[in-house]
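A short worksheet on the structure shown next.
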Amino acid sequence: MLELIGNLSLRVKTGIVLIAFVLILGLIDSYFIFWLFFGVALIIAVNESKTLYKLEDKSIYVYIVLLWVAVYFYPSPVDLIFIVAMGYASQLAYKRKLDKKMVLPLFYPTASFVFLMALYSEYGVGALFWLLIIVAATDIGAYFAGKNFGKTKFCETSPNKTLEGVFGGMLLAVILGALTSIDDVGFIASIIIAAIVSLSSVFGDLYESYLKREAGVKDSGNILPGHGGVLDRVDGYLFGAVVMLVLLRVVI
């Protein structure tokens, strides 16, 4: 067993640790612990996004921390995104020296983390695991379908992605998503939600690839051995969480 573990790649080892950690969080199912976990991940992700956006102003952390503290207490945390955006705009108008790029980390990745917290708050840990399954299935299906059948380039931003890979990933996501949907979501609705969330996760990954290309970096960070940064690992979830929350509010 030890020899088998030793032969695993660094990427796989890190992935196993991450999966185990997420499963433990799910079993504990504590609002405070999820808030704390997402908050730490958010700060790291914002730090990585500063590099991608080439943003030097460190006051962004003050806004993010204040926002995240408010998220814990306010029942509709998504509303707070607009309050903070108004604060940015007000300071920009008043000082006229505020870096306009400071608003970018508010929408990506901060807003998506707020949506993740709202998804958990409104629909429970089951919704987070459903999101996890859909996005992970999209990645896995796209990898194997692209490797075995990929011929048609998906877009210029990510040359390694193929149309066949995207379809393969979405197909696996729809199958597993339909089988693992949360309560109160019918079979047809679960198929539709899984398909749309899967596609949105593809573009979440694509958007982060675009940011890295613009910044001229390979990874958003190096905190996760073999995986890069936090944004490299959660890019699909950041788009998927927004779409899933909106769709669940429509369906349920």
Side-chain angles (χ1 to χ4, degrees), residues 18 21-22 25-26 28-125 127-128 131 200 204 207-208 211-212 214-215 220-224 228-246 248-249:
L18 289 174
F21 185 70
V22 169
L25 284 180
I28 296 173
D29 195 8
S30 163
Y31 184 87
F32 172 75
I33 292 178
F34 267 110
W35 173 81
L36 188 62
F37 170 67
F38 285 144
V40 171
L42 170 60
I43 293 299
I44 297 171
V46 167
N47 182 61
E48 293 173 358
S49 74
K50 282 176 77 266
T51 300
L52 300 182
Y53 293 130
K54 298 179 181 178
L55 175 65
E56 300 294 334
D57 197 328
K58 295 182 179 180
S59 65
I60 181 71
Y61 297 113
V62 176
Y63 291 101
I64 299 304
V65 169
L66 291 175
L67 169 64
W68 200 248
V69 170
V71 163
Y72 183 78
F73 296 100
Y74 189 67
S76 301
V78 173
D79 300 349
L80 299 173
I81 299 168
F82 299 97
I83 300 297
V84 176
M86 288 169 59
Y88 281 173
S90 299
Q91 279 219 59
L92 177 62
Y94 181 73
K95 293 183 176 181
R96 300 180 64 184
K97 293 182 179 179
L98 193 68
D99 191 339
K100 296 181 180 68
K101 289 188 292 186
M102 276 187 64
V103 75
L104 296 176
L106 173 65
F107 292 104
Y108 183 89
T110 306
S112 293
F113 273 94
V114 174
F115 271 83
L116 270 171
M117 200 65 207
L119 183 65
Y120 172 68
S121 176
E122 294 181 30
Y123 299 103
V125 70
L128 290 181
L131 174 66
S200 69
Y207 180 64
E208 204 237 350
L211 291 179
K212 289 189 292 187
E214 290 292 298
S220 65
N222 55 14
I223 195 170
L224 299 174
V230 168
L231 286 177
D232 293 315
R233 190 63 273 153
V234 303
D235 47 10
Y237 299 95
L238 295 183
F239 273 38
V242 176
V243 173
M244 178 172 279
L245 179 62
V246 171
L248 286 178
R249 285 176 172 175

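- Going from atom OH of Y53 over to atom NZ of K101 covers 11.0 Å, rounded to the nearest 0.5 Å.
- Across L248 and A127, no two heavy atoms sit closer than the pair CD1-CB, 4.4 Å.
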*Step by step, would you call D232 with L224 a side-chain contact (heavy atoms from CB on, under 4.5 Å)?*
CA-CA 9 Å; D232 293 315; L224 299 174; over 6 Å; no
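- For I44, the side chain to side chain contact (heavy atoms under 4.5 Å, CB included) partners are V40, E48, I223, V230, not counting sequence neighbours.
- Closest approach of E214 to K54, counting heavy atoms only: O-NZ, 3.9 Å.
- A distance of 12.0 Å separates CD1 in I64 from CG in N47, rounded to the nearest 0.5 Å.
- Note that CG of L211 and CG of D235 are 10.0 Å apart. Values are rounded to the nearest 0.5 Å.
- Taking the side chain to side chain contact (heavy atoms under 4.5 Å, CB included) definition, one finds that L66 meets it with V62, sequence neighbours left out.
- Separating the CG atom in L245 from the CG atom in L116 is a distance of 9.5 Å, to the nearest 0.5 Å.
- By the side chain to side chain contact (heavy atoms under 4.5 Å, CB included) test, L36 pairs with F32, sequence neighbours left out.
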Q.
Does M102 form a side-chain contact (heavy atoms from CB on, under 4.5 Å) with S59? I'd like the steps, not just the answer.
A. CA-CA 9 Å; M102 276 187 64; S59 65; 3.4 Å; yes
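- Residues L231 and S49 share a closest heavy-atom pair of CD1-N, 4.0 Å.
- One distance of note links CD1 of I60 with CG of L106; it measures 7.0 Å at 0.5 Å rounding.
- Considering only residues two or more places apart in sequence or on other chains, Y31 meets the side chain to side chain donor-acceptor pair (under 3.5 Å) condition with none of them.
- The aromatic rings of Y120 and F34 are tilted relative to each other, their planes meeting at an angle between 30° and 60°.
- Using modelled atom types, one side-chain atom of S30 and one backbone atom of I33 make a donor-acceptor pair closer than 3.5 Å.
- Not one N or O on the side chain of S121 forms a donor-acceptor pair closer than 3.5 Å with the backbone of A118.
- Residues meeting the salt bridge (charged side-chain N to carboxylate O under 4.0 Å, His left out) test with E122, sequence neighbours left out: R249.
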Note to self: What verdict does the side-chain contact (heavy atoms from CB on, under 4.5 Å) test give for Y108 and L52, after you've listed the backbone C-alpha separation in whole Å, the side-chain angles of each residue and the deciding distance to 0.1 Å?
What the structure shows: CA-CA 11 Å; Y108 183 89; L52 300 182; 5.6 Å; no
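- Although no hydrogens or angles enter the test, the distance criterion places a donor-acceptor pair under 3.5 Å between the side chain of W68 and the main chain of W35.
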Pair F115-V243, side-chain contact (heavy atoms from CB on, under 4.5 Å): steps then yes or no:
CA-CA 9 Å; F115 271 83; V243 173; over 6 Å; no
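- Taking E208 as the reference, K212 meet the salt bridge (charged side-chain N to carboxylate O under 4.0 Å, His left out) condition, with sequence neighbours excluded.
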